[in-house]
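Letters go in sequence order (proteins before strands), and every chain restarts at 1. These figures come from a predicted structure and were not determined experimentally.
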Amino acid sequence: MKKSMKISLPNAKKVAKWEFTKGIRTPMFLVLTFVIPLLILGIGSLEFITQEFRQAQTMELALIDNTGEIGPRLLEQTENTNIQLEIFTGSQEELKQKTLNGAYDGFLIITPENLREGHFQIFSGDPRNIAPAQIRPHLEKVITEFRLESLGLVKEEISSATRPVSLGVQALEEEAPFAIARFLVPIALGMILLLSVIFSGQMLMYGVIKEKRNRVVEILLSSISSFDLLTGKIMGYGLLSLLQVGIWTTAGLLTASRFVNFQDLGLSLEIILPPFIIFLLGYIMLASLFAALGATMKEAEEGSQAQGLIILIPMIPLFLSGLLITAPNALWVRIFTHIPPFIPAMALLRMGATTLPWWEMGTIVLALLLSIVLFIYIGSRIFSRGILQYEAIGFKDLSKILRKKY
Amino acid sequence: MEEILQVENLSKSFGGKIAVDNISFSVPRGQILGFLGPNGAGKTTSLRIIMGILNPDKGDIFFNFNGKPSSLDKTKVGYLPEEKGLYEEAKVLPNLIYIGQLKGMKKNSARQKAQKWLERVGLEEYANQKFDKLSRGMKQKVQFIASVLHDPEFLVLDEPFAGLDPVNQNFFMQVVRELQEQGKTILFSAHQMNLVEEICDSIFLINKGKQILSGNLKEIKESYKEYNVNIYFNPENDPSFLLDNPDIQINKKNIGYLNFTFQGDNKINKLIDQITANLDLKEIQASPPPLHDIFINAVQERGEEVDENQFA
């Protein structure tokens with residue numbers, strides 16, 4: 001009557017297919033999978049639309065130029081922009097009245113004093129109509145050029161002096177500049193892991209609780225082993241999670257493409273693959289924990305409370321990200337990177353902060369694989385023995401299940 | 001006769017409470033064995049051990065499929081658990097196809113067989129209904145199909161008649177008989193003994209985890225050398241000659257009616273002759289004792305008590 005932990009892949013695949021096709025039709029999956037990308041796209045579009053609107057909105061400004069120098073230059077500089085500038089020749093009081101009556105959004109006074117001090121003020125009847133950030137670059141350019149001219153520099157010298165400065169970081173062993181993707185990819189995968197574990201891990205756990213409540217588990221266990229059943233479930237929900245992550249990532253990239261040039265990020269297979277392996281194995285490890293936890297519970301409400309705790313524990317490293325990023329190779333950090341359930345979050349954060357040596361990547365992957373086998377073993381024992389109790393399982397029952405034949 | 005299942009010295013306890021206590025029995029190929037006892041007797045635990053869902057503390061289980069000794073082959077055994085249920089939100093047909101596939105069937109074959117069985121039990125219209133929309137009786141029929149879909153050699157049914165109305169109980173008994181005629185071996189548990197005794201070839205009686213009685217049902221009944229007799233007669237007749245018979249124990253007496261137990265074995269014909277000669281008979285029934293009474297007797301002979309509520 002001894003049961004082996006040998007897996008039957010065909011059986012696990014049948015379970016995975018069932019769980020995938022069942023899960024993909026649930027309202028929870030559909031809502032989470034499509035509402036979140038819509039939100040991402042919505043937020044991106046909102047940002048884009050408000051920017052467009054802001055740029056399309058014309059700001060009508062009047063200018064009293066007591067220097068006689070800045071006005072014409074600023075007029076020329078703001079040509080073909082959404083700033084409509086008019087040099088006003090009347091009195092300040094007259095301009096104030098006109099502005100209050102709505103003839104202008106605001107006015108600007110340039111005197112030799114504020115030109116020297118570099119401090120300017122836009123007066124407006126309704127300051128909400130003024131976007132100082134739009135006019136400042138133009139004003140700054142005109143005044144800097146005027147000041148340099150006053151110092152006797154010629155046009156070429158001014159152009160040379162005002163050339164923008166850029167600062168890059170170059171990795172010593174690489175010819176190409178430092179790829180920002182080396183930082184972004186692991187951190188992004190860490191965040192996606194958190195979301196995947198919250199959503200599909202939750203579905204997996206509720207699925208197990210439901211199976212226990214529906215009494216369907218007994219007929220399943222009379223057909224295949226608990227190890228095959230649990231492995232299949234994790235595979236099915238893993239595929240669901242990957243599909244979900246794929247949809248989210250596509251939506252995220254579509255939104256980001258409006259603001260970011262992906263070529264600048266330096267994305268490459270060599271950068272994406274190692275954190276993706278950690279992500280995948282990490283998901284499997286945490287999913288098996290969720291399934292095992294579901295097997296110990298009686299009701300979904302219990303699951304939601306415990307779930308908060310179980311999400312929190314593996315994700316503790318994310319809350320310590322500041323510490324981890326500044327000291328990614330400290331001894332305690334290295335030790336915790338090999339202790340489940342912290343491995344995936346620790347490893348991904350460290351990969352964002354530093355390049356892990358190949359041997360450490362190897363030990364981390366090994367630790368993850370061992371944790372997966374351990375958790376699936378523990379999970380399947382609880383699943384096959386504890387699930388038939390149809391009641392919540394306490395620590396006392398749990399230790400019995402793990403210690404002896406149940 | 002070749003045995004498809006052999007259980008030897010099986011024991012199981014939970015937290016110090018003995019659920020199954022050193023039981024042994026075997027199921028001959030092609031027969032129906034009733035695994036009978038009151039609620040909480042240890043039937044479900046024993047069947048779960050046989051199905052490999054629980055591990056025994058002690059004892060051995062041997063199977064014999066296709067004439068060869070083997071361990072449990074889940075694809076050759078059909079199991080209807082006591083705790084019945086399938087995926088509530090899934091439709092009936094996909095539920096059945098999935099279980100069939102887990103039992104080693106190809107998808108198309110599982111679909112065809114499931115459709116045939118749904119027709120057989122009158123549920124073909126419900127193939128695309130969600131499982132949770134079915135009535136209790138319908139659910140039980142679907143669950144039954146899930147256990148026989150893969151055409152198993154050996155069928156283990158745990159309380160298949162529990163919670164069913166008399167019409168459905170009769171229907172299931174008829175299907176069980178048909179399966180036996182097709183050459184299947186069936187082990188089923190039940191606590192309503194009088195209901196199931198008519199379809200069993202042999203029985204195994206269990207109480208508080210202990211083996212009470214087992215063997216061929218006909219032989220067990222014959223070995224009791226006892227008859228339960230009901231007579232209806234003219235109320236003006238005097239039946240006192242029966243009351244003086246030392247082999248007769250009166251159970252119930254009314255005007256024109258008597259129910260008694262006769263312990264005379266081969267003297268039953270003589271007794272019937274005596275009754276017909278002395279009474280103006282309207283009706284007479286003489287039958288071996290019901291299984292329920294045999295069980296109660298056997299338990300009491302062991303000096304133990306039986307809680308009649310456990311048969312409810």
Checklist entry - Hey, is CZ on B:R136 packed in by over 12 heavy atoms from elsewhere, all under 6.0 Å? => result no
Item to check | A:P10 and B:Q101, any side-chain heavy atoms less than 4.5 Å apart | outcome: no
Next on the checklist: Please find the pair of heavy atoms, one from A:I224 and one from B:L102, that lie closest to each other, and give the distance.
Outcome noted: CG2-O, 3.9 Å
Item to check | Mutual orientation of the aromatic rings belonging to B:Y87 and A:W18 [parallel < 30°, tilted 30-60°, perpendicular > 60°] | outcome: tilted
Next on the checklist: Surrounding CZ of B:F65 (heavy atoms of other residues, nucleotides or ligands, distance under 6.0 Å), is the total greater than 12?
Outcome noted: yes
Item to check | A:S222 side, atom OG; B:I99 side, atom CD1 - distance, nearest 0.5 Å | outcome: 8.0 Å
Item to check | Nearest heavy atoms of A:L221 and B:K74, plus distance in Å | outcome: O-NZ, 2.9 Å
Next on the checklist: Could you measure the distance from the OH atom of B:Y98 to the NZ atom of A:K14? Nearest 0.5 Å is fine.
Outcome noted: 9.5 Å
Checklist entry - When only pairs under 4.5 Å are counted, which of B:P94, B:A146, B:S147 shares the most heavy-atom pairs with chain A? => result B:P94
Next on the checklist: Within the structure provided, determine whether A:K22 and B:E89 are in side-chain contact (heavy-atom separation under 4.5 Å).
Outcome noted: no
Item to check | B:Q143 to A:I219 - nearest heavy-atom pair and separation | outcome: NE2-CD1, 3.6 Å
Item to check | Side chain / backbone / both / neither for B:N95 at chain A, heavy atoms under 4.5 Å | outcome: both
Checklist entry - Rounded to the nearest 0.5 Å, what separation is found between the CD atom of A:E218 and the CD1 atom of B:I53? => result 4.5 Å
Next on the checklist: Does atom CD1 (A:I24) have a neighbourhood of more than 12 heavy atoms from anything else shown, all under 6.0 Å?
Outcome noted: yes
